[in-house]
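Everything below concerns the one structure shown next.
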Amino acid sequence: MTPSVAAVKTHLARLSACALCPQMQKPVVVGRPVASRILLVGQAPGDKEPKLGRPFAWTAGKTLFKWFNEAPGWTEDEVRERIYFAAVCRCFPGKKETGGDRVPAEDEIANCSRWLAAEVALLQPQLVLPVGKLAITQFLPPAPLNDLIGKKLAIAYRGHAMDCIPLPHPSGASPWHRMEPGKTLLRQALALVAAHPAVRAAG
């Protein structure tokens, strides 16, 4: 049974009040209160997302929504209305002294995993789309992207069975999805997303 939007809003209110990680920079970044059977899991917000108030709000988001526009043909607004946006960590980790965003620490990932577990229990998703290596390794054993992208895998996460279609991170920092075999494997992955029953039902 699909959860009510009210139940999702209650969950997001609890999540937005989370203060478990003192090194993480507030506010908590959450998506729309969508009662979806499709769960997209990013890595962690960048510095623009807290200001703009939504996940994938900047450069990587433009690329991600372009992928969804290619297959299954959805606009950004349709993607945000039809897919529940989660992440490995929901707050901006801050910058490294050497430049670039800090990678969340293991304890921060562990703290935030309770929210992801609650979302899987609430939404009972049929399809999870982990975006980027950090997100993919929450659901699958570590492996090269060449071995994971372009496949639909049946998985169990905390006792819940669902399909998993990993996606590369759309960040401009990684050229993987812009060169072969990444380009071809990404096309295969997006075709699997477009053909999935959960996506077809949502469209």
Side-chain angles (χ1 to χ4, degrees), residues 3-68 76-125 128-139 157-158 160 166-174:
S4 68
V5 172
V8 179
K9 285 182 176 176
T10 298
H11 166 79
L12 289 176
R14 290 195 195 109
L15 170 54
S16 297
C18 181
L20 286 170
C21 302
Q23 299 303 314
M24 286 288 197
Q25 297 184 14
K26 297 288 178 278
V28 178
V29 177
V30 300
R32 297 181 189 178
V34 181
S36 175
R37 305 303 294 276
I38 310 161
L39 185 68
L40 185 143
V41 182
Q43 301 193 135
D47 60 348
K48 303 290 191 302
E49 279 74 11
K51 299 182 184 80
L52 296 168
R54 60 190 184 278
F56 285 100
W58 205 243
T59 311
K62 287 188 176 72
T63 301
L64 179 74
F65 294 116
K66 188 178 84 170
W67 293 349
F68 276 100
E76 176 179 342
D77 195 56
E78 287 170 335
V79 175
R80 291 189 186 278
E81 278 298 315
R82 295 170 181 176
I83 293 178
Y84 184 94
F85 277 69
V88 177
C89 289
R90 312 304 171 98
C91 300
F92 175 49
K95 296 287 187 183
K96 291 185 293 190
E97 287 182 15
T98 53
D101 294 349
R102 180 175 70 84
V103 176
E106 288 297 324
D107 63 324
E108 292 168 335
I109 293 170
N111 282 341
C112 220
S113 70
R114 71 189 65 197
W115 299 113
L116 185 59
E119 286 154 351
V120 170
L122 175 65
L123 297 169
Q124 299 282 296
V128 62
L129 304 171
V131 179
K133 286 181 184 176
L134 185 64
I136 292 168
T137 54
Q138 307 309 303
F139 300 95
Y157 179 81
R158 304 207 180 192
H160 177 70
L167 296 173
H169 200 279
S171 161
S174 169

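Owing to the predicted nature of the structure, the values given are computational and were not obtained by experimental measurement.
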For residues 79-88, which side-chain donor-acceptor pairs fall under 3.5 Å, sequence neighbours excluded?
unit_1: R80; atom_1: NE; unit_2: E76; atom_2: OE2; d: 3.0
unit_1: R80; atom_1: NH1; unit_2: P55; atom_2: O; d: 2.9
unit_1: R80; atom_1: NH2; unit_2: P55; atom_2: O; d: 2.9
unit_1: R80; atom_1: NH2; unit_2: F56; atom_2: O; d: 3.0
unit_1: R80; atom_1: NH2; unit_2: E76; atom_2: OE2; d: 3.2
unit_1: E81; atom_1: OE2; unit_2: R32; atom_2: NH1; d: 2.8
unit_1: Y84; atom_1: OH; unit_2: E119; atom_2: OE2; d: 2.8

Heavy-atom side-chain proximity of [X] to [Y] below 4.5 angstrom:
X	Y	value
L129	P166	no
R90	V30	no
S113	Q138	no
L123	L39	yes
V28	L12	no

Would you name the heavy atoms of [X] and [Y] that are closest together and state the gap between them?
X	Y	result
P3	A35	O-CB, 3.2 Å
P33	V5	O-CG1, 3.5 Å
F92	P50	CB-CG, 4.0 Å
C89	P45	O-CD, 3.2 Å

What's the spacing between [X] [atom1] and [Y] [atom2] if we round to 0.5 Å?
X	Y	atom1	atom2	answer
M24	C112	CE	SG	7.0 Å
L15	L116	CG	CG	10.5 Å
T59	L64	OG1	CG	12.5 Å
C91	L20	SG	CG	9.5 Å

Residues passing the ring pair (Phe, Tyr, Trp, His ring centres under 6.0 Å) test with F65, sequence neighbours excluded, are none

For H11, give me all partners under ring pair (Phe, Tyr, Trp, His ring centres under 6.0 Å), at least two apart in sequence or on another chain.
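H11 satisfies ring pair (Phe, Tyr, Trp, His ring centres under 6.0 Å) with W115 only.
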
task: Answer yes or no: is there an ion pair linking E108 with R102, defined by an N-O contact shorter than 4.0 Å?
output: yes

Margin query: Between the side chains of K96 and D101, is the shortest nitrogen-to-carboxylate-oxygen separation below 4.0 Å, so that they form an ion pair?
Written below: no

- Message: Show me the pairs that pass ring pair (Phe, Tyr, Trp, His ring centres under 6.0 Å) and involve residues 19-42, at least two apart or across chains.
- Response: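 For residues 19-42: none.
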
_When you measure from the side chain of S174 to the backbone of S171, do you find a donor-acceptor pair of N or O atoms at a distance under 3.5 Å?_
no

(message) Between H160 (side chain only) and A121 (backbone N and O only), is there a donor and an acceptor less than 3.5 Å apart?
(response) no

Does [X], at its [atom1] atom, have more than 12 non-hydrogen atoms belonging to other residues, nucleotides or ligands within less than 6.0 Å?
X	atom1	answer
Q23	CD	no
K66	NZ	no
K9	NZ	no

Contacts satisfying side-chain hydrogen bond (donor to acceptor under 3.5 Å, both in side chains) that involve residues 45-57 (not counting sequence neighbours) are none

Discussion item. Would F139 and V128 count as a side chain to side chain contact (heavy atoms under 4.5 Å, CB included) here? Give the steps.
Written reply: CA-CA 9 Å; F139 300 95; V128 62; 3.7 Å; yes

Stepwise side chain to side chain contact (heavy atoms under 4.5 Å, CB included) test for V29 and L52: CA-CA 9 Å; V29 177; L52 296 168; over 6 Å; no

By side chain to side chain donor-acceptor pair (under 3.5 Å), T10 pairs with (sequence neighbours left out) none

